[in-house]
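For clarity, every value in this text was computed on a predicted model and none was experimentally measured. Residue numbers start from 1 in every chain, and the chains themselves are labelled A, B, ... in the order their sequence lines are given, proteins ahead of strands.
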Amino acid sequence: METTDIGLWGVPLAMLGGAIRVSTPFIFVSLGEAITERSGRINLGLEGTLVFGAMSAYAVAVMTGSPWLGLVAAALAGLCFGLFHGWICKFPKVNDIAIGIALMLFGTGLAFFFGKPFIQPSAPDLPAIPFGAWSDIPQVQAALNVNVLFLIGAALAVFLWWAFRNTRVGLIVRVVGDSADAARAMGLNPNTVRLLATGVGGALAGIGGAYLSLYYPGSWTERISSGQGLMAVALVIFAHWNPLGCFAAALLFGGAGALGPALQSVGVTQGYYLFYAAPYILTLIIMIATSSPSRTLAGAPGELSITK
Amino acid sequence: MTGTHSKAIGVETIGMTMRFGAFTALDDVSIKVPAGSFHALLGENGAGKSTLVKCMMGFYHPTSGDMLVDGRQVAIASPRDASALGLGMVYQHFTLVPSLTGAENLVISREKVPGVIDWRKERTALAQFMERMPFKLPLDVKVAELAAGEKQKLEIIKQLYLGRNFLVLDEPTSVLTPGEAQEVLGLVRGMTKAGDLTVLMISHKFHEVTAFADDIAVLRKGRLTGTGKVSDLTHKAMAAMMIGDQPIAALDSRAAPKPDAEIVLKVKALKAPDRTGLKSIDIADLGVRSGEIVGIAGISGNGQKEFLEVLAGQRPRNGGEVKVRGSAYAATRAEARALNVRLIPEEPLKNACAPRMTVAENIAFRTFDVDGNGKPVSWISAGAIKSFSARLVEQFKVKTASLSSPIASLSGGNVQRAVLARELTGEVDLLIVSNPCFGLDFSAVAEIRARIMKARNAGAAVLLMSEDLDELLELSDRILVMSDGALVYETPIAQASVQTIGEHMAGHH
C-alpha cells in the first residue's frame, strides 16, 4: 500500500493510536493498584510484577506457541507476587511501601535471570481487531488497530466502577480500606481481604506485562518497562482511586507517551526526543499540582499508610 | 433480620468476675437490667465498666459468672453469639465507615449480604424501616459528611436495623452538643418507654443520668458499690458511690476579675486553612486579659483544633496577626520563652511529649538547655534534669514507677499531670489549654481544673478550648462559641445559658 501524506494531521492521529497502544499496560496496572489501594495497602512492587509478567508471558508463549497461555502464565505469576506482598504485610510493623520496593527489585531481577534464554526467539502476538479497515489511509488503519486487551481493560474499568458500589465484595474492599476497626467490628478480617486484593492487583499487573512483551513493543528485552508500574501508582492517586478515572488517566499518559514517536513520524528531526520524556514530566506536574502540605486528598482510603 | 419488629429483652449478670493474671478487674458483679428499662452504669476510668460490658458482649470470657437473657441462662462465647441474642453495642468512637453512605453502611453490616446488591429493593426496604424509627436521617450522604449527632443516631439505627433490642451505649453523648444529646437520648428514652428497647448506658454525666435513666449501677475498682433508682438518689450520693472517700481537690475561689487588666493575647483577622484545605478558619478579633479564663466552646471539627495548632506553631497561617503582650508571636521556642507562653494541647502524650523518652526528660523539655539564669548552656547536665524533675513529680503528684520510665508507660491522668508540671512551673503569662480533662477520671479532673484556676488567679491569661461544656461553665470568665471556623457568639459567664450556647454551637443562628 502506498503511504498517503496526511501532513500534520498525522500527529493527533498517531497520538490517538499511541494512546490506545501505550495505555493498555497502564490501564491494567492502575486498575490492579486501585483495587489494592482501595483495600488499604499500597503495592509499589507492581513494576517488578509487570516485568516478571512480561517475561513469563513471553517465555510460555514461545514454548507453547499460544499467546493466551502466556497471558494466563503472566496473570498467575502476578498473583503469586501479589499474594507474597499481601502475606508479608500482614505481620505487625511491616511497612507495605518498603516491601513493595524490595519486591520491585526482586521481580525485575528474577525476570532478567529467567528471561536470558528468551531474548532471541520470537513469540506469537496477542490478536488485535482492525477497526480502521474501512479507511484507505494506512495511518488511520494503524491507529485503529486495537488490541483485545485494551477492550478488556476498558470493560474492566467500567465493571470495577460498578462493582465498588453494587457488589458485596466491592463494599467489603471499601470498608476494609477505609476503616479496619469497622471491618473487624463486622467480623471481617482486614488482612485476608487485603491479601486477596493485593493478589488480584498483582494478577492484573502481570497481564499488563504480558501486553508489553506479546503485543507492544512485542518482544522480551530487559528494558521492556520504562517505569510504567511506578507511574501507574501515581496515576491511581491522580485518578482519586476511581476506576473510570484510572482509565482516563491511562489514556492521557499513553497519549503523552506517544507524543515523541508521533512527532518523529511527521518528520520533526530536532528535539523530538525531549518529548519522549513527556509521560515522566506529566507525572511530576500532576504530583506537584495535586499535592498540598496541609490537605489530604479527597477520596483517599482512610487506611492507606501514605494518607494516615 | 430487620423485618420483624421484636420487643425489648431483659439482661442480667450474676457474679461476673474477670481476672487478668493476678489483677481482678471485675469482682462478683451482679446487675439486673429489666426489659424496657434505661439503666445507667457509672464509674471512674478503670472501675471495670468496660470490662463488664465486654464480658456481656462476648469480647472477654469472664473467669466466672453467668448471663441471663430474658430469664434464661445463656452462653456468650463471641460477639456473634451476643448479636444473635439481640445484644448490641454502640461504641464511644464511631464504627461507621466514613467514605460509605448511610445506606451502604447499613446493608454491608448485615449478616447476609447478597453478592450483587439490588439497590432499588434495598432502598425501598430501608425507607420502610426508617418509617418506624423516631430518627430522621439522610441515608444517601457519605457518613463523613454527617454531623456528629447524625452519626450517633446512625450508629443506634444500625443496631436496631440488625435486630438488636438490648443496647449498650458507651458514653454516647461525649461528641454531641447539649441539644443533640438531649434529642438522641430523648428519642432512645421514648423507645424504651414504648417497650421496643432496653438500654444500658455508660456515662460520666450526672445530669444526663438524672434526666433519662430509670436505675443506676455504680462500679468502683471492679466492685459493685451501689445500685438504686435514679429518683431516690442525689448527684452527691452518686458521686460518693463512684469515688468512695478519696479527697477531691477543691477549686480555688475565683479571684475578682479586673476588667482593665493588660490584654496578653491578641488575635486579629487570623486566617488559616483547615484540615481538609477546603475551608479556612477566620478569627476576626480575640483578646485575652491577664487573670481571666476565656473558654471556647464548639463541636469538634469546627476549627478549634486548627486554631490551637496555629497558636502552637503546628500549622501555617494565611494571614492575620497574633500578638502576645504587644509583640508579634509566631510560636518559636525563643518567643515562647521570652513571653512566658505555655501550652497544654489535647492528647498530651501525642502532642506534648516524646512518648519513648523518660518522664524526667519530658518534664525538662522547656528548661534542659538553659541554666538557672536563663542563659544557654553548652553541656546538658543529666543530674540537673533529674533533680528538677524529681521536684516537680513530687509537687504535682505524678505517679510513676521511676523518673527514667518512658512517659508512655504512665496512665493518661499522670501524663497530663507531668505535662502540667512542665507547663505551669515558672512564670506563666499566657496559658493555652485544649480539652485538658478528656478521658481522665474524677480526681484527676478536679485536680487539673484546680491547677488551671490557680494559674488564672496568679495572673496568667488563659485560653481554654474544650468540648465539655460543663468544664467551660465551671472555669471560664467569658465563653465564646466557635462554629464553622469563626467565633460566632460571646457571653460573660454570669449570663451564660447552656441552651443559647448549644444553639450557636449547632450553627442555628
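The CD1 atom of B:I108 lies 8.0 Å from the CZ atom of A:R168; values are rounded to the nearest 0.5 Å. Between B:S99 atom OG and A:E303 atom CD the span is 10.5 Å, to the nearest 0.5 Å.
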When you look at A:M186 and B:V113, which way does the side chain to side chain contact (heavy atoms under 4.5 Å, CB included) test go after all the steps?
CA-CA 12 Å; A:M186 283 175 205; B:V113 187; over 6 Å; no
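Here the options are B:V97, B:N105, B:L100, the test is side-chain contact (heavy atoms from CB on, under 4.5 Å), and the partner is A:L171; only B:L100 passes.
Taking both residues in full, the closest heavy atoms of A:R165 and B:E104 are given as O-OE2, 4.1 Å, listed atom of the first, atom of the second, then distance.
At most 12 heavy atoms of other shown residues, nucleotides or ligands fall within 6.0 angstrom of atom CZ in A:F84.
For B:P98, the parts sitting under 4.5 Å from any heavy atom of chain A are the backbone and the side chain alike. A:L188 does not touch chain B: none of its heavy atoms, backbone or side chain, sits under 4.5 Å away. Of the two parts of A:D181, neither the backbone nor the side chain holds a non-hydrogen atom closer than 4.5 Å to a non-hydrogen atom of chain B.
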